[in-house]
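What follows is one structure encoded as structure tokens, with my remarks underneath.
Keep in mind it's a predicted model, so treat the numbers as computed, not measured. Residue numbers count from 1 along this sequence.
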Amino acid sequence: MKIKIILTMLMLALTTSVSYASFPVERKVVTTERVTTSSSENQNVTTAKKTEVKATALTSPAAASGEKSQGIAFLFWLILGGFAAHRWYLGSPWYWNVLFIITLGGLFIWSLVDVIGILTGSYEPKDGSYKDSFF
């Protein structure tokens with residue numbers, strides 16, 4: 001009975017964890033001003049109205065560099081291509097990646113199309129772009 005309680009407590013401790021970000025997260029507030037003017041032809045009166053809009057965004061240094069590397073994508077294709085690692089890295093939808101794995105890369109045809117797209121730069125990441133350098 002004691003071993004069951006100990007194992008249950010151990011499993012509970014391993015499955016629930018409290019973690020904090022190990023990198024700084026910065027809050028950026030962007031303020032934009034909109035000025036609208038209206039004039040009346042009969043009275044020669046011009047009125048201006050200012051509207052201030054604030055937008056808040058959380059950013060981190062890790063998320064700030066949205067550029068992916070063609071070299072890393074190529075290495076993922078070369079080493080872990082059967083598991084669609086290059087597709088996960090470049091942000092393809094999960095259902096296409098699972099289909100890629102099930103069909104063995106479209107009987108290797110889909111895989112060849114992917115590597116040609118990676119090397120020529122036509123298979124771009126979902127969010128962002130490629131770095132200027134290959135690696």
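Residues passing the side chain to side chain contact (heavy atoms under 4.5 Å, CB included) test with Thr120 are Ile116, Ser122, sequence neighbours excluded. The side chain to side chain contact (heavy atoms under 4.5 Å, CB included) search around Val113 returns none, not counting sequence neighbours.
Under the 4.5 Å side-chain heavy-atom criterion for grouping Ile, Leu, Val, Met, Phe, Trp and Tyr, Val98 is connected to Tyr95 within one hydrophobic cluster. Both Trp96 and Ile102 are members of a single hydrophobic cluster when ILVMFWY side chains are connected at heavy-atom separations under 4.5 Å.
Alongside Leu7, the hydrophobic cluster contains Ile3 (criterion: ILVMFWY side chains under 4.5 Å).
Listed by first and then second residue, the salt bridge (Lys or Arg N to Asp or Glu O under 4.0 Å) pairs involving residues 73-82 amount to none (not counting sequence neighbours). Evaluation of the salt bridge (Lys or Arg N to Asp or Glu O under 4.0 Å) test over residues 81-109, restricted to residues two or more places apart or in two chains, returns Arg87-Asp114.
Within the 4.5 Å cutoff, no side-chain heavy atoms of Leu104 are placed close to those of Trp110. Two residues are said to be in side-chain contact when any heavy atoms from C-beta on lie closer than 4.5 Å; Tyr130 and Leu90 meet this criterion. The closest side-chain heavy-atom distance from Phe100 to Ser92 is not below 4.5 Å.
Between Lys126 and Gly91, the shortest heavy-atom contact is CD-O, 3.3 Å.
Heavy-atom neighbours of Trp88 CH2 from other residues, nucleotides or ligands within 6.0 Å: above the threshold of 12. Atom CD1 of Ile109 has 12 or fewer neighbouring heavy atoms from other residues, nucleotides or ligands inside a 6.0 Å radius.
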Side-chain donor/acceptor pairs under 3.5 Å, residues 70-81, sequence neighbours excluded:
| residue | atom | partner | partner atom | Å |
| --- | --- | --- | --- | --- |
| Gln70 | NE2 | Ile118 | O | 2.7 |
| Trp77 | NE1 | Ser111 | O | 3.2 |
| Trp77 | NE1 | Ser111 | OG | 2.7 |

